[in-house]
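Step one of this worksheet: look at the structure below.
These numbers were taken from a predicted model, which means no experiment stands behind them. The sequence lines fix the lettering, A, B, ..., with proteins before strands; numbering per chain opens at 1.
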Amino acid sequence: MRKIIAVAMLYLNKVVGSRSTIVMSVIGILMAGLFPFIPFLGVPFTPITESALMSQIRLIGINATREIPKNVLLGVVFVYTQAPALVTLFSSLAALSYISYSVGEDRLTRAFELLLAAPVSDLEILYGILLAGLSYSMIIWMISASIFVMGSSFAIMYYLGSIPSPPWSYQVQLYVLSPLMVFLVCVLSISIAIFMPKIVRGPSIQLGTTNPFTLISLLPLLIYVMLMSTPGIDMGALATYAAFACAICLSALTLLCHKLFDRRRLISV
Amino acid sequence: MFKLEDVHAGYAGVIVRDVNISVNPGEVHALLGPNGSGKSTLLRSAAGVIPPFKGRILLDGIDIFRNPHIKRRIGYMPEGEAIFRGFTVERLIKVMCRLYEAKINERVFEETRIKEIMNKTIGSLSMGQKRRVLLSLALVHDPDVLILDEPTANLDFTTADEMRRLIKQLAKEGRAIFMASHNIPEVQELASHVEVIFRGSIVFQDLISNVEKHIKSMVSVRIRCTGDPSACLRELGYGVIQEGDSYIIAVRNFDEEMPKITAYLGSKGLNIKEVAKAGNPLGELLREKLEEGS
């Protein structure tokens, strides 16, 4: 365990070392903080979005105790309903950027050699990097989720004069499903970065849609967004499946590490 | 004893084949060879970075890939600037010591002169300072075996000299050292044994003191004397090249031929001021082995 923590420390330090990761994290957190103020802007909505948002008002437990313009009300509902998806998106992108930077840079500068020459097993290296990636993405998730929750609650109180009482399904979506999705994105991106390192092309942020690393890593997020837009979806069941998926991913990583961890592939640039 | 036994190593395919080397405590083995001959690949395998396709790397009879904990007794200094960034030197050393589950050997900081840069970040260091930090990382857990990939490459004269002095001292302390180098005078100064690698195969290995015995080709000799010896030397059948006040000829057997040449020049009234081998024996050997190989 000491060695896993030491590997994780090596990689967590990269958060400080990477300007792009810091910028990405700060942008994510800032956007999370600014998002609840969308109603101030009086953003116009298309009729379809408008009707969808109207139908959400009751579902998400918002009660307007005072008269407010319709577009402000819709703005508040929009912020509140989109919060879980946006928190998940920001945290996933920050995790992806961090992982592609850290693994990409170490392959490029050959710093990986120092780690591979150390008396640590392949599994300890994988767990160490995983621990660093998960710690970083969970910290980002916690910060952005807190800002979202506080910001949107404040916005609702300010505009509507009432404290929101979100239903169980909303809470599951935000507090269970969202971190599980970030966890899955993180595990998937680290697996690709370690087992198929050539896909991670370098230390720059790999967010281009043509990049297979980004596409595969963000797959859980795409599935999540698709499922969220499915009417009548059972959040509890979805969260259970997501937890199973995380457990299966971790078990598969542990079992297949000795077959998939290829030191020669990691070193050759 | 550190031993490479029938090692075949590489990345996508085999680059280095059939390598057998034994490094005893106190010995310095130098791996010489041109670029792309497989020096770094072999050192990476020896350091436990990449497993060999075939063969074993043993430390006191224990396979380092089957028992990675034994790598605690090996220190590795990769080539260039292969070092984790974003850390201060002190922090990186502490984290690496945790990986090796070792106490920090603070004596190393003085020996490698990194005490004054302990609080600097790796990114702000010069190439020479980074190489010194890499050497400290290789030494800080007090290893028995040191694997150094071109330890003095791209260093200024003073830093390279310090590095060489330190390597000599480490060998004296009884560490087994296996290093790659392009620098022939450096190998002559440091190594007890030399291995020449060419196109992935070891084409020569012996004690450095035996190198001259293996040179089959001509040896260049520089002669300086009171007059112009070129006519006399041509009479003896040697081709002569003049370089300033020196005359260079090529002999097949220095010890046999030179007394005859000097005696002949003396009989012609030419007083010899200097007779010296113009070529470096190790360099000649390397050139010869590479010519044979190609």
Side-chain angles (χ1 to χ4, degrees), chain A residues 1-22 98 101-129 131-132 136 197-198 203 257-259 261-269, chain B residues 9-15 40-41 43-53 59 64-88 91-92 94-102 121-123 130 133-134 137-138 141 143 145 147 149:
Chain A
M1 194 62 197
R2 275 170 62 95
K3 286 181 185 175
I4 293 174
I5 293 170
V7 175
M9 280 162 70
L10 268 178
Y11 277 86
L12 270 178
N13 212 78
K14 290 189 175 291
V15 178
V16 188
S18 155
R19 269 188 209 145
S20 59
T21 306
I22 294 172
Y98 160 71
Y101 168 78
S102 48
V103 178
E105 191 203 47
D106 284 353
R107 288 191 68 238
L108 211 67
T109 61
R110 294 191 180 278
F112 239 108
E113 284 188 39
L114 288 178
L115 188 57
L116 296 179
V120 281
S121 68
D122 297 349
L123 198 61
E124 283 169 333
I125 294 175
L126 182 69
Y127 277 166
I129 297 176
L131 182 61
Y136 169 73
K198 283 191 177 164
C257 179
H258 71 286
K259 282 196 173 172
F261 195 103
D262 189 341
R263 288 168 167 248
R264 298 185 192 103
R265 214 183 295 152
L266 264 174
I267 286 297
S268 59
V269 180
Chain B
Y11 307 98
V14 175
I15 291 175
S40 294
T41 306
L43 290 193
R44 277 183 197 129
S45 204
V49 175
I50 50 166
F53 287 109
L59 178 53
I64 64 165
F65 284 97
R66 284 177 189 270
N67 304 279
H69 65 271
I70 198 85
K71 288 202 276 182
R72 216 173 290 164
R73 291 173 54 199
I74 300 174
Y76 172 54
M77 179 188 180
E79 65 177 325
E81 298 177 68
I83 190 164
F84 291 104
R85 285 139 207 255
F87 285 88
T88 62
R91 182 95 189 112
L92 181 59
K94 277 185 181 165
V95 175
M96 289 306 283
C97 268
R98 279 185 78 150
L99 275 182
Y100 280 86
E101 290 179 324
T121 54
I122 301 289
K130 279 181 194 156
V133 173
L134 276 170
L137 289 174
H141 55 285
V145 179
I147 295 168
D149 199 348

Closest approach of [X] and [Y], non-hydrogen atoms and distance?
X	Y	answer
Tyr76(B)	Ala117(A)	CD2-CB, 3.7 Å
Pro119(A)	Pro68(B)	CB-O, 3.3 Å
Leu99(B)	Ala6(A)	CD2-CB, 3.8 Å

With a 4.5 angstrom heavy-atom cut-off, is it the side chain or the backbone of [X] that approaches chain A, or both, or neither?
X	value
Ile74(B)	neither
Arg73(B)	neither
Pro52(B)	backbone

With distance as the sole test, does Lys71(B) use its side chain to make a donor-acceptor pair with the main-chain N or O of Leu116(A) at under 3.5 Å? yes
Min side-chain heavy-atom separation [X]-[Y] under 4.5 Å:
X	Y	result
Tyr11(B)	Arg265(A)	no
Met96(B)	Leu10(A)	yes
Arg110(A)	Arg44(B)	yes
Arg263(A)	Pro51(B)	yes
Phe84(B)	Phe112(A)	no
Leu134(B)	Leu114(A)	yes
Met9(A)	Lys94(B)	no

Under a 4.5 Å heavy-atom cutoff, which of Ile64(B), Ile122(B), Ile83(B) has the most pairs with chain A? Ile83(B)
With chain B as the partner, which of Glu113(A), Arg2(A), Lys3(A) has the greatest number of non-hydrogen pairs under 4.5 Å? Glu113(A)
Against chain B, label Ile5(A) side chain, backbone, both or neither, depending on which of its atoms sit under 4.5 Å from a heavy atom there. side chain
